[in-house]
2 protein chains.
Amino acid sequence: MAEPIRVASGFGREFPGCDPARAEALANLIRAANEALGELDRRRRTLSNLSASGFEALAVLDGASVPLTGTDIANHLLVTTASITSLLDTLAGRGYIERQPHPIDRRKTLISITKTGRQLVDEMLPIVHTTATQLLDELSPSQLETFVSVCTHLRNRVEQLSELPPPMPRPRRRPTPRIRTSDHV
Amino acid sequence: MAEPIRVASGFGREFPGCDPARAEALANLIRAANEALGELDRRRRTLSNLSASGFEALAVLDGASVPLTGTDIANHLLVTTASITSLLDTLAGRGYIERQPHPIDRRKTLISITKTGRQLVDEMLPIVHTTATQLLDELSPSQLETFVSVCTHLRNRVEQLSELPPPMPRPRRRPTPRIRTSDHV
DNA sequence: TATTGTTATACTCTATAACTATA
DNA sequence: TATAGTTATAGAGTATAACAATA
């Protein structure tokens, strides 16, 4: 039975200026996302041995309804165009996408999802949404809405803070360990 | 300004049996965690060019107060022992850990964090907790507690469901696209 | 026989830098 | 000059399989 991740009792003294409740929330967020992604990955790989990025690129192409350029997809996935080239090579090799020259701007390549790719997305999305429905059952609409609000608040803070230089945190006040190094055997 | 991720209006019809509110919650969870991890990674790399796994292994060693075996660390990070060997090679090469033979069980290797490694952890943890304090400001204790509850609920469901065969989801009912493929230019 | 850790090998993702073609 | 995409190269993390040493 998984329990909430909690910080140690001396947290406030050990990390001056840091809020234990927020540290716990962030730790629980990251752990929960990691475990959810693991379960999603496990289920998606029953369909095709693609990475999360591969599935995401296909979902973006499917959702767009029109062919996208490599740069479009790179922006969605927040990676460089060189990385997208490599990812698209994988997807093309498995027959999920096709490249076509852009009819007007000859620098560009249009990426289309193939019929096979659409079939894969049609099988993949129900798996993802069924997983969400299972993992977040028994929670009230209000709990889910609060949850989404916290996620959105965090994303806005990331947006603001990522443009600033990182702050200089107050130093750790390391607690005296209760267990000695020589006790390890 | 980041907005909550929402599913399209026809979600319920498109994915029978799936709950749009839960699909939205999972999408927001994964996105928020991804962006938070990006910001954490950016800030931690001002200290040392280590991966998230590298920092996590050091934090585990620091928190344990006693040397751990490779298998111990592998269990914490949920990876294979072969992967841990590679990760520990990186950490040892940068002087953050040391390997010592286990005094009793000669199959084992004890991993100790070095003084340099401790100094790194002492600088890294305040960065992490300060980031959490910044990213989750202006939220009430009750909001944070609800957030942690939802994360924990999800983790328990992952624990239960990961042991079962994946369910057979009901098929997608693909909506008729409003934009035709030929509109892409 | 089972466990611990390592090596060998392979694959994927990602990045930077240099390059071509095009706008 | 700037943009789009590719190639070359490199590095990290992860996995599986085979292996040696030890319990």
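Here the structure is a predicted model, which means the values were calculated and not measured. Lettering of chains follows the sequences in order, A, B, ..., and the numbering in each one begins at 1.
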Tell me whether [X] is salt-bridged to [Y], with the criterion being a basic N under 4.0 Å from an acidic carboxylate O.
X        : Y       : result
A:Arg174 : B:Asp62 : yes
A:Arg99  : A:Asp89 : yes
B:Asp41  : B:Arg45 : yes
A:Arg43  : A:Glu39 : yes

Mutual orientation of the aromatic rings belonging to B:Phe147 and A:Phe147 [parallel < 30°, tilted 30-60°, perpendicular > 60°] =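 B:Phe147 and A:Phe147: parallel rings.
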Any ring-ring contact (aromatic ring centres under 6.0 Å, His included) pairs touching residues 66-96 of chain B, not counting sequence neighbours?
->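 Every pair satisfying ring-ring contact (aromatic ring centres under 6.0 Å, His included) with a residue in residues 66-96 of chain B: there are none.
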So what does B:Thr69 hit on the nucleic acid, given a heavy-atom distance under 4.0 Å: a base, only sugar-phosphate, or nothing?
->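 The answer is sugar-phosphate, as B:Thr69 gets under 4.0 Å only of primed atoms, P, OP1 or OP2.
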Roughly, in whole Å, what's the span from [atom1] in [X] to [atom2] in [N]?
X        : N      : atom1 : atom2 : value
B:His102 : D:dA23 : NE2   : P     : 10 Å
A:Leu88  : D:dA4  : CG    : C1'   : 13 Å
B:Asp89  : D:dT14 : CG    : C1'   : 14 Å
B:Gln100 : C:dT4  : CD    : C1'   : 17 Å
A:Leu91  : C:dC11 : CG    : C1'   : 15 Å
A:Ile111 : D:dG5  : CD1   : C1'   : 9 Å
B:Ile104 : C:dT3  : CD1   : C1'   : 16 Å
A:Asn49  : D:dT16 : CG    : C1'   : 13 Å

With no angle test and no hydrogens, is the base of D:dT3 tied to the side chain of A:Arg107 by a donor-acceptor pair under 3.5 Å?
->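 Side chain to base: pair found, below 3.5 Å.
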Hey, is the side chain of [X] poking within less than 4.0 Å of OP1 or OP2 on [N], counting only N and O atoms?
X        : N      : value
A:Arg99  : D:dT6  : yes
B:Arg106 : D:dA21 : no
A:Arg94  : C:dT12 : yes
B:Thr109 : C:dT4  : no

With nearest nucleotides of DNA chain C determined for A:Asp105 and A:Ser53 from heavy-atom distances, which residue corresponds to the more 5′ nucleotide?
->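 Nearest-nucleotide comparison on DNA chain C picks A:Ser53.
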Near-strand residues of residues 70-84 of chain A, defined as heavy-atom separation under 4.0 angstrom from DNA chain D =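 Only A:Gly70, A:Thr71, A:Thr81, A:Ala82 qualify.
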Does B:Ala2 offer a backbone N or O that forms a donor-acceptor pair with the side chain of A:Asn156 under 3.5 Å?
->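 A pair under 3.5 Å: yes.
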